[in-house]
Novice: 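First, the structure itself, so that you have it in front of you.
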Amino acid sequence: MNRNDITIVGAGLVGALLATLLAQRGFSVSVFERRSDPRVAGYVGGRSINLALAERGLYGLRQAGMTETVMSLAVMMRGRMVHHRDGHTELLRYGRDDSEVIWSVSRGRLNTALIEAAERAGARFEFDRRLTGADFDDGVTLRFQSESGDAFAQRGPFAIGADGAGSALRVAMNETQPLGERIEPLGHGYKELEIPALADFPAATIPQAAAAALARGERFAIEPNALHIWPRGNYMCIALPNAEGSFTVTLFLPNHPGSDPATPSFATVDSPAAARALFERDFADALPLIPELEADFAANPVGILATLYLDRWHLDRRALLVGDAAHAIVPFHGQGMNCGFEDAVELADLFVATPDDSAAVFAEFERRRRPNAEAIAAMALENYVEMRDSVADPAFLLRRELARKLAERNPDRFVPRYSMVTFTRIPYAEAYARGAAQERLLRELTTGHERIGDIDLAAADAKVREQLKPLAS
Ligand SMILES: Cc1cc2nc3c(=O)[nH]c(=O)nc-3n(C[C@H](O)[C@H](O)[C@H](O)COP(=O)(O)OP(=O)(O)OC[C@H]3O[C@@H](n4cnc5c(N)ncnc54)[C@H](O)[C@@H]3O)c2cc1C
């Protein structure tokens with residue numbers, strides 16, 4: 001057994017990037033994936049057709065030499081385009097300018113590009129290999145099954161589980177030594193719908209403005225360079241652009257009715273007709289843009305949202321979990337993949353530093369990453385409230401405006417939490433702690449005020465200097 005033999009289970013986003021980084025660094029990497037090869041069979045998604053890529057994820061792709069390939073597939077999103085109930089829209093920029101934006105990328109294309117890069121670097125992929133169990137002794141024997149029922153085994157010194165939120169390797173590890181697993185369901189689910197590219201709108205249903213845009217040669221039915229949000233209190237819709245001109249719309253609703261009968265849930269919005277009624281009432285400007293609403297609603301499943309917490313991510317030197325297999329989070333900060341890509345970079349660096357000691361690599365990886373994964377899990381949960389509710393709340397908007405001012409005036413000390421998470425690689429745990437201190441200050445400074453002009457900015461600067469340490473550059 002050669003310690004340089006690294007076995008990864010799962011060729012999703014994180015497994016494929018990890019395979020690329022390790023193979024590029026000279027390791028012999030084998031990856032076993034449940035699905036068929038997406039280059040032969042087409043990508044079978046299952047969830048979220050597109051994803052928001054931010055600096056942490058981009059950094060990982062840069063390390064793998066993948067930036068150009070991926071950016072050619074990406075659509076820039078400058079901010080949140082908020083669609084209010086009365087139909088008016090406003091763009092809330094994410095950052096200072098176009099150097100602080102996020103990117104919408106197709107999950108399938110990104111995944112395929114990563115698999116290709118890993119193979120070019122020398123990684124070996126075996127598709128149609130579903131992990132069904134693992135036996136741990138001196139090393140690990142992985143048991144796989146193909147779609148047609150054939151069984152295979154693979155033996156190695158250790159295995160890395162990048163097999164997603166429902167990780168089969170995690171199940172096997174847990175049977176050997178309890179990992180302290182807790183899964184906290186959000187109580188809300190999601191359903192994907194589609195705004196087609198203008199060229200694909202059925203002629204009979206194309207809205208007037210969209211027809212005019214099509215005549216001008218445009219591809220997108222609404223502003224392409226934004227993440228669209230329809231915040232409605234306890235629920236919301238979002239839409240992310242796809243490079244060819246369509247948008248993937250995601251409707252987030254509680255799973256069950258709450259105390260307010262006006263709040264919809266997937267238990268009450270349980271048919272295409274109920275979905276249309278909901279859109280007529282709450283998302284009226286989006287409705288004409290989704291010509292196949294009923295068909296999409298009927299065809300697509302309700303996705304489950306939950307946060308996974310583990311007390312342990314590794315089984316001594318024999319197994320480690322990364323990405324969603326270790327720390328699945330809710331998607332409201334758009335950071336699950338970004339966080340998983342940070343895992344991949346960190347783990348590849350640790351293997352380079354200590355190639356012959358998987359126990360040390362795994363322990364150090366968990367020590368460094370677990371506090372950060374816990375912090376982004378908490379921030380992702382908080383961001384759901386912000387997206388669906390606060391972006392329509394005047395007190396929130398005032399705090400946000402003040403945050404911008406303080407950031408402009410004190411760039412070394414005050415960086416909005418969203419910016420720390422999205423545009424920097426400041427560890428998530430630090431962003432979380434600094435964000436909490438900043439939020440306390442913003443609440444204190446805005447209490448009793450309705451307009452930014454009423455706030456004494458010089459006094460606010462003094463408080464910033466007093467309460468917030470400079471960020472390490
Ligand atoms: C609705 C939604 C929207 C999201 N939006 C964003 C976003 O905007 N930005 C962002 O950064 N993140 C986002 N995420 C999170 C992101 O999708 C995940 O964090 C990311 O996919 C994790 O990658 P992974 O490789 O760890 O797991 P996965 O992508 O789940 O990949 C796991 C792989 O393992 C394979 N596999 C599973 N079981 C087995 C088995 N038994 N044997 C062999 N192979 C197996 C699977 O087929 C798959 O290929 C979103 C998630 C959801 C649900």
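For reference, positions follow the sequence shown, starting with 1. These numbers come from the heavy atoms of this one structure, side chains and all, not from hydrogens, waters or symmetry mates.
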Novice: Would you indicate whether the side-chain heavy atoms of Arg182 and Asp311 approach each other to under 4.5 Å?
Specialist: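 Result yes, sub-4.5 Å side-chain heavy-atom pair found.
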Novice: Short question: side chain of His228, backbone of Glu223 - any donor-acceptor pair under 3.5 Å?
Specialist: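 Present.
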Novice: Between Thr446 and His449 (side chain of the first, backbone of the second, donor and acceptor by atom type, cut-off under 3.5 Å), is there such a pair?
Specialist: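 Side chain of Thr446 to backbone of His449, a donor-acceptor pair under 3.5 Å: no, none is there.
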Novice: For the CZ atom on Arg62, are there more than 12 heavy atoms of other groups (residues, nucleotides or ligands in this structure) within a distance under 6.0 Å?
Specialist: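 Above 12, so yes.
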Novice: Please evaluate residues Glu466 and Lys463 with respect to the criterion salt bridge (Lys or Arg N to Asp or Glu O under 4.0 Å), reporting the C-alpha separation (whole Å), side-chain torsions for both, the decisive distance (0.1 Å), and the verdict.
Specialist: CA-CA 5 Å; Glu466 183 189 303; Lys463 289 220 175 225; 5.4 Å; no
Novice: Taking C-beta and beyond as the side chain, do Glu116 and Thr20 meet within less than 4.5 Å on heavy atoms?
Specialist: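 With C-beta onward as the side chain, the pair stays apart.
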Novice: Answer yes or no: is there a donor N or O on one side and an acceptor on the other, between the side chain of Asn300 and the main chain of Glu192, under 3.5 Å?
Specialist: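 At least one qualifying donor-acceptor pair exists.
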Novice: Under the side-chain hydrogen bond (donor to acceptor under 3.5 Å, both in side chains) rule, what do His88 and Asp86 come out as? Steps first, then yes or no, please.
Specialist: CA-CA 6 Å; His88 88 277; Asp86 64 7; 2.7 Å; yes
Novice: Going by atom type alone, with no hydrogens or angles, which donor-acceptor pairs under 3.5 Å involve a side-chain atom of residues 205-217 and a protein atom two or more places apart or on another chain?
Specialist:
residue : atom : partner : partner atom : Å
Thr205  : OG1  : Pro202  : O            : 3.2
Arg216  : NE   : Glu218  : OE2          : 3.0
Arg216  : NH2  : Glu218  : OE2          : 3.4

Novice: Could you check whether any side-chain heavy atom of Arg369 comes within less than 4.5 Å of a side-chain heavy atom of His327, counting everything from C-beta outward?
Specialist: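 No, too far: nothing below the 4.5 Å cut-off.
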Novice: Locate the shortest heavy-atom distance separating Gly60 from Val345; write the atom from each residue and the value.
Specialist: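 Closest approach of Gly60 to Val345: CA-CG2, 3.5 Å.
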Novice: I need the full list of salt bridge (Lys or Arg N to Asp or Glu O under 4.0 Å) pairs touching residues 285-297, with sequence neighbours left out, sorted by first then second residue.
Specialist: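 Applying salt bridge (Lys or Arg N to Asp or Glu O under 4.0 Å) to every pair that reaches into residues 285-297, excluding sequence neighbours, yields Arg276-Glu294.
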Novice: Can you give me the closest heavy-atom contact between Ala284 and Pro288, atom names plus distance?
Specialist: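 Where Ala284 meets Pro288 most closely, the heavy atoms are O-CD, 3.1 Å.
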Novice: What pairs of residues pass the ring pair (Phe, Tyr, Trp, His ring centres under 6.0 Å) test when at least one of them lies in residues 91-119, not counting sequence neighbours?
Specialist: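 Every pair satisfying ring pair (Phe, Tyr, Trp, His ring centres under 6.0 Å) with a residue in residues 91-119: Tyr94-Tyr418.
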Novice: Once you round to the nearest 0.5 Å, how far does OG of Ser246 lie from CG of Asn50?
Specialist: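 Nearest 0.5 Å value for the OG-CG distance: 7.5 Å.
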Novice: Just do the side-chain hydrogen bond (donor to acceptor under 3.5 Å, both in side chains) check on Asn242 and Ser106 with the steps written out, would you?
Specialist: CA-CA 7 Å; Asn242 295 307; Ser106 144; over 6 Å; no
Novice: How many angstroms lie between atom CG of Leu92 and atom CG of Leu227, to the nearest 0.5 angstrom?
Specialist: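 Leu92 CG to Leu227 CG: 11.0 Å, rounded to 0.5 Å.
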Novice: Do the non-hydrogen side-chain atoms of Glu119 and Phe125 ever get within less than 4.5 Å of each other?
Specialist: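 Yes. Closest side-chain heavy atoms under 4.5 Å.
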Novice: Quick one: CG on Leu114 to CG on Leu61, what's the gap to the nearest 0.5 Å?
Specialist: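 The CG atom of Leu114 sits 6.0 Å away from the CG atom of Leu61.
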Novice: According to the salt bridge (Lys or Arg N to Asp or Glu O under 4.0 Å) rule, which pairs have a member within residues 374-383, sequence neighbours left out?
Specialist: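 Qualifying pairs, neighbours excluded: Arg370-Glu374, Glu382-Arg417.
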Novice: Using every non-hydrogen atom in the two residues, find where Ala431 and Val421 come nearest and quote the distance to one decimal.
Specialist: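 It is CB-CG2, 4.2 Å.
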Novice: Evaluate salt bridge (Lys or Arg N to Asp or Glu O under 4.0 Å) for Asp98 paired with Arg93, printing each intermediate quantity in order.
Specialist: CA-CA 9 Å; Asp98 281 359; Arg93 255 195 183 275; 3.0 Å; yes
Novice: Should the pair Arg440-Glu444 be classified as a salt bridge under the 4.0 Å nitrogen-to-oxygen rule?
Specialist: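 Looking at Glu444 together with Arg440, the answer is no, because their closest N to O distance does not fall below 4.0 Å.
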Novice: Any donor-acceptor pair under 3.5 Å linking the side chain of Glu100 with the backbone of Arg96?
Specialist: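 At least one qualifying donor-acceptor pair exists.
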Novice: Rounded to the nearest 0.5 Å, how far does CD of Glu408 lie from CG of Leu457?
Specialist: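 Rounded to the nearest 0.5 Å, the CG-CD separation comes to 10.0 Å.
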Novice: Against His188, only a single residue in Tyr384, Phe266, Phe332 fulfils ring pair (Phe, Tyr, Trp, His ring centres under 6.0 Å); can you say which?
Specialist: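 Testing each of Tyr384, Phe266, Phe332 against His188, the sole residue satisfying ring pair (Phe, Tyr, Trp, His ring centres under 6.0 Å) is Tyr384.
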Novice: Are Arg400 and Glu386 ion-paired here, with the side-chain N under 4.0 Å from a carboxylate O?
Specialist: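 No, no charged N to carboxylate O under 4.0 Å.
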Novice: Arg232 and Asp282: salt bridge (Lys or Arg N to Asp or Glu O under 4.0 Å), yes or no, with the steps?
Specialist: CA-CA 8 Å; Arg232 295 297 181 260; Asp282 288 339; 5.4 Å; no
Novice: Using 30° and 60° as the class limits, which term best fits the ring planes of Phe252 and Tyr190: parallel, tilted or perpendicular?
Specialist: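 Tilted: the ring planes of Phe252 and Tyr190 meet at 30° to 60°.
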Novice: Under 6.0 Å from the CD atom of Glu68, do we count more than 12 heavy atoms belonging to anything else shown?
Specialist: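 No.
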Novice: Give a yes or no on whether the backbone of Arg78 and the side-chain of Asn225 come within a donor-acceptor separation of less than 3.5 Å.
Specialist: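 Side chain of Asn225 to backbone of Arg78, a donor-acceptor pair under 3.5 Å: no, none is there.
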Novice: For the side chain of Thr112 and the backbone of Arg109, is there at least one donor-acceptor N/O pair under 3.5 Å apart?
Specialist: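 Not at all, since once roles are kept as given, no pair shorter than 3.5 Å links the two residues.
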Novice: So, do Phe365 and His314 have ring centers that fall under 6.0 Å from each other?
Specialist: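 Ring-ring flag for Phe365/His314: false, centres at least 6.0 Å apart.
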Novice: Quick check: closest heavy atoms across Pro231 and Arg388, and the distance to 0.1 Å?
Specialist: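 For Pro231 versus Arg388, the nearest heavy atoms are CB-O, 3.3 Å.
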Novice: Taking atom NE2 of His256 as the centre, report whether more than 12 heavy atoms of other residues, nucleotides or ligands fall under 6.0 Å from it.
Specialist: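 Not buried by this count: 12 neighbours or fewer within 6.0 Å.
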Novice: Working note: Glu439 + Arg399, criterion salt bridge (Lys or Arg N to Asp or Glu O under 4.0 Å); need CA distance, chi angles, decisive distance, verdict.
Specialist: CA-CA 8 Å; Glu439 182 63 19; Arg399 288 199 297 279; 3.1 Å; yes
Novice: Does any N or O in the side chain of Ser104 come within less than 3.5 Å of the main-chain N or O of Pro241, such that one atom is a donor and the other an acceptor?
Specialist: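 Present.
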Novice: According to side chain to side chain contact (heavy atoms under 4.5 Å, CB included), who are the partners of Pro224, at least two apart in sequence or on a separate chain?
Specialist: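 Expected list: Phe220.
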Novice: How about Leu347 and Leu21: do any of their side-chain heavy atoms sit closer than 4.5 Å?
Specialist: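 No, side chains not in contact.
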Novice: Under 4.5 Å between any side-chain heavy atoms of Ile49 and Arg107, yes or no?
Specialist: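 Ile49 does not reach Arg107 side chain to side chain.
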Novice: Side-chain contact, heavy-atom cut-off 4.5 Å: Leu110 with Met337?
Specialist: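 Heavy-atom side-chain distance check passes, below 4.5 Å.
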Novice: Taking all atoms of both residues into account, what is the closest heavy-atom pair of Asp393 and Ala395, and its distance?
Specialist: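 Closest pair (atom of Asp393, atom of Ala395, distance): OD1-N, 3.0 Å.
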Novice: Could you go through the side-chain contact (heavy atoms from CB on, under 4.5 Å) check for Leu18 and Phe351 one step at a time?
Specialist: CA-CA 11 Å; Leu18 179 62; Phe351 266 117; 5.8 Å; no
Novice: So Leu406 and Leu445, do their side chains get closer than 4.5 Å, heavy atoms only?
Specialist: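 The answer is yes; the side chains approach within 4.5 Å.
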Novice: What closest approach, in Å, do Ala11 and Ala16 show between heavy atoms, and which atom pair accounts for it?
Specialist: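 For Ala11 and Ala16, the tightest heavy-atom pair comes out as O-CB, 4.2 Å.
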Novice: What's the separation between atom CE in Met71 and atom CG in Leu58, rounded to the nearest 0.5 Å?
Specialist: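 Rounded to the nearest 0.5 Å, the CE-CG separation comes to 5.5 Å.
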Novice: Apply side chain to side chain contact (heavy atoms under 4.5 Å, CB included) to Ser167 and list each qualifying residue two or more places apart in sequence or on a separate chain.
Specialist: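 Partners of Ser167 by the side chain to side chain contact (heavy atoms under 4.5 Å, CB included) criterion, ordered by chain and then number, come out as Asp163, Leu169, Arg170, Leu321, Ala325.
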Novice: Can Leu381 and Glu184 be said to form a side-chain contact (heavy atoms from CB on, under 4.5 Å), step by step?
Specialist: CA-CA 11 Å; Leu381 284 163; Glu184 287 183 9; 5.7 Å; no
Novice: Flag yes if more than 12 heavy atoms outside Leu468 fall under 6.0 Å of its CG atom; otherwise flag no.
Specialist: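 Yes, because the 6.0 Å sphere around CG of Leu468 holds more than 12 heavy atoms from other groups.
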Novice: Rounded at 0.5 Å granularity, tell me how far CE in Met77 sits from CG in Leu53.
Specialist: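 The CE atom of Met77 sits 9.0 Å away from the CG atom of Leu53.
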Novice: Looking only at atom types and distance, does a side-chain atom of Glu181 sit under 3.5 Å from a main-chain N or O of Leu308, one as donor and one as acceptor?
Specialist: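 Flag not set: sc Glu181 to bb Leu308 has no pair under 3.5 Å.
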